[in-house]
2 protein chains.
Amino acid sequence: MGGRISTDLIRGHTDTIILNILRHGDSYGYEIYKTIIALSGRQYELKEATLYSAFRRLEQDDLITSYWGDETQGGRRKYYRITKKGLETYEQNLKDWRFAKGILDKLIEGGLENVDRQ
Amino acid sequence: MGGRISTDLIRGHTDTIILNILRHGDSYGYEIYKTIIALSGRQYELKEATLYSAFRRLEQDDLITSYWGDETQGGRRKYYRITKKGLETYEQNLKDWRFAKGILDKLIEGGLENVDRQ
DNA sequence: TTAATATATATCATATTACTATGTCTGTCA
DNA sequence: TGACAGACATAGTAATATGATATATATTAA
């Protein structure tokens, strides 16, 4: 897999990525793990440990809720559902990402020709 | 100032931002601080503590070197210069950023309609 | 004159968070 | 029966951005 996305480029986006998946419907840990790989075109893998600690964080902040599935066979699954607050947070994070992208482009690629430091 | 860019959206870009400024010419801490604010259109402020700890990191990794200016009045200035290795790192980081941007767009905004989790 | 502000560098302690390593359990398939 | 995939989970670690704090000089406003 990729390997070109350093962990620090993803840091801060984990929660938004999970919320984006959950706003399309309830899902459980391992499925979300697979979905992220698929969504990235197999370029990026969010480690399971990162996911499960994010779930705890998100649930504590009331951005998601969880319930056990009723699997009669196989490992039991814990499903997650996005809350109203989670959806609002997602929308705000999306705006923030679009905004930050523009600023970062300037900071990373920008020339200093007409910069007024004042 | 802005306030809409959370620290975690910038995390991992600090070094690249500094290297981008230094590849246009030598500069010193406080000027770099001002330049970042100006470059961002006054939307973002990289804290001075963050800057000075980044300088140490960058110098340790041989991405920049430093020398004292010859100011005869006012606070003395420590100038930083980008090294060859620093320039190469900048170019790689720029590629990584462009790549990560595309992946992140998919992960943050992407729909799950045609996702094959396999 | 004095107080505030701008210029300039620096360190320490803290919080956040992503990852490595590790563990447990179930079911399937060769 | 043994490997592998599915599924969840925790403990410890490392990196880094920042708040708080400190020091020193020069300029400007009250």
Side-chain angles (χ1 to χ4, degrees), chain A residues 1-3 5-18 26-37 44-61 63-64 66-80 93 100 104 107 117-118, chain B residues 1-3 5-18 26-37 44-61 63-64 66-80 93 100 104 107 117-118:
Chain A
M1 196 126 38
I5 301 199
S6 91
T7 125
D8 277 327
L9 296 194
I10 289 294
R11 197 187 174 95
H13 297 293
T14 315
D15 295 358
T16 314
I17 290 169
I18 295 170
D26 296 4
S27 187
Y28 56 94
Y30 196 69
E31 189 180 48
I32 292 172
Y33 168 78
K34 291 288 190 182
T35 304
I36 290 172
I37 293 175
Y44 182 68
E45 177 197 12
L46 195 58
K47 299 302 179 325
E48 283 177 75
T50 308
L51 268 182
Y52 287 108
S53 59
F55 291 147
R56 278 214 285 168
R57 188 167 59 233
L58 288 166
E59 194 160 19
Q60 242 163 8
D61 293 347
L63 304 184
I64 63 175
S66 66
Y67 57 93
W68 286 103
D70 57 352
E71 289 72 38
T72 48
Q73 60 182 47
R76 21 162 237 173
R77 298 169 175 169
K78 195 189 232 179
Y79 282 85
Y80 297 99
N93 288 0
L104 277 169
L107 291 173
R117 291 180 195 82
Q118 209 187 61
Chain B
M1 196 128 36
I5 300 198
S6 91
T7 128
D8 278 326
L9 295 194
I10 290 293
R11 197 187 174 98
H13 297 294
T14 316
D15 295 359
T16 314
I17 290 168
I18 294 170
D26 297 3
S27 188
Y28 55 94
Y30 195 70
E31 189 180 48
I32 292 172
Y33 168 77
K34 290 288 190 183
T35 304
I36 290 172
I37 292 175
Y44 182 68
E45 176 197 14
L46 195 59
K47 298 305 179 324
E48 295 187 52
T50 308
L51 269 182
Y52 287 108
S53 60
F55 290 147
R56 278 216 286 170
R57 188 168 59 232
L58 289 165
E59 193 160 19
Q60 242 162 7
D61 294 346
L63 304 184
I64 63 176
S66 67
Y67 57 93
W68 286 102
D70 59 351
E71 288 72 39
T72 49
Q73 61 182 48
R76 29 169 226 165
R77 298 169 175 170
K78 193 188 235 181
Y79 283 85
Y80 296 99
N93 288 359
L104 277 170
L107 290 173
R117 291 181 193 82
Q118 208 185 61

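The chains referred to below are lettered A, B, ... by the order of the sequence lines, with proteins before strands, and numbering in each begins at 1. All values below were derived from every heavy atom in this structure, side-chain atoms included, with hydrogens, water molecules and symmetry-related copies excluded.
- In this structure, Trp68(A) and Arg76(A) have side chains that are in contact, with non-hydrogen atoms separated by less than 4.5 Å.
- Counting heavy atoms from C-beta on, the side chains of Ile36(B) and Leu51(B) come closer than 4.5 Å.
- Residues from residues 28-36 of chain B lying near DNA chain C, meaning a heavy-atom separation below 4.0 Å, are Tyr28(B), Gly29(B), Tyr30(B), Lys34(B) in numerical order.
- Leu51(B) has its CG atom 15 Å from the P atom of dT7(C), to the nearest Å.
- Between the CZ atom of Arg117(A) and the P atom of dA6(C) there is a distance of 18 Å, given to the nearest Å.
- Put simply, CG on Asp70(B) is 16 Å from C1' on dA8(C), counting in whole angstrom units.
- As rounded to whole Å, 7 Å separates atom P of dT16(D) from atom CG of Asp15(B).
- For Tyr44(A), taking side-chain heavy atoms from C-beta onward, the closest of the listed nucleotides dC19(C), dC8(D), dA17(D) is dC19(C).
- Among the nucleotides dC19(C), dA10(C), dT11(C), the one closest to any side-chain atom of Arg56(B) is dT11(C).
- Rounded to a whole Å, the CD1 atom of Ile37(A) is 10 Å from the P atom of dG6(D).
- Rounded to whole angstrom, the span from the CG atom of Leu9(A) across to the P atom of dA18(C) amounts to 12 Å.
- Residues meeting the salt bridge (Lys or Arg N to Asp or Glu O under 4.0 Å) test with Arg11(A), sequence neighbours left out: Asp8(B).
- Interatomic distance, CG of Leu104(A) versus CD1 of Ile10(B), reported as 4.5 Å (0.5 Å rounding).
- Looking at the side chain of Leu46(A), the nearest of the listed nucleotides dT18(D), dC19(C), dT9(C) is dC19(C).
- Between Tyr52(A) atom OH and dC19(C) atom P there is a gap of 15 Å when expressed in whole angstrom units.
- If you look at Phe55(A) and Tyr80(A), their ring centroids are closer than 6.0 Å.
- Per the geometry, NZ belonging to Lys47(A) stands 19 Å off C1' belonging to dG23(C), to the nearest Å.
- Tyr33(B) and Glu45(B) are linked by a side-chain donor-acceptor pair at a separation below 3.5 angstrom, with hydrogens and angles left out of the test.
- Counting non-hydrogen atoms of neighbouring residues, nucleotides and ligands closer than 6.0 angstrom, the CZ atom of Arg56(B) reaches no more than 12 such neighbours.
- Helix-axis bend for the helix from dT1(C)-dA30(D) to dA30(C)-dT1(D): the local axis fitted to the five terminal pairs at one end deviates from that at the other end by 10°, rounded to 10°.
- In this structure, CG in Asn93(B) is found 8.5 Å from CG in Leu63(B), a value given to the nearest 0.5 Å.
- The phosphate of dA18(C) (OP1 or OP2) has a side-chain N or O of Arg57(A) nearer than 4.0 angstrom.
- Counting non-hydrogen atoms under 4.0 angstrom, Ile10(B) reaches nothing in the nucleic acid.
- Each of His13(A) and Tyr80(B) was assigned the nucleotide of DNA chain C with the nearest heavy atom; the assignment lying further toward the 5' end belongs to Tyr80(B).
- When atom types are taken as modelled, the side chain of Thr50(A) and the backbone of Leu46(A) share no donor-acceptor pair closer than 3.5 angstrom.
- Nucleic acid contact for Thr50(B): base, since at least one base atom lies under 4.0 Å from a heavy atom of the residue.
- Counting any heavy atom pair closer than 4.0 Å across all strands shown, Ser53(A) reaches no nucleic acid atom.
- Comparing Glu48(B) and Arg11(B) along DNA chain C, the residue whose closest nucleotide (by nearest heavy atom) sits nearer the 5' end is Glu48(B).
- In terms of phosphate contacts, Arg76(A) brings no side-chain nitrogen or oxygen within less than 4.0 Å of OP1 or OP2 of dA7(D).
- Of the possible donor and acceptor atoms, one in the side chain of Glu71(A) sits under 3.5 Å from a partner among the backbone N and O of Arg77(A).
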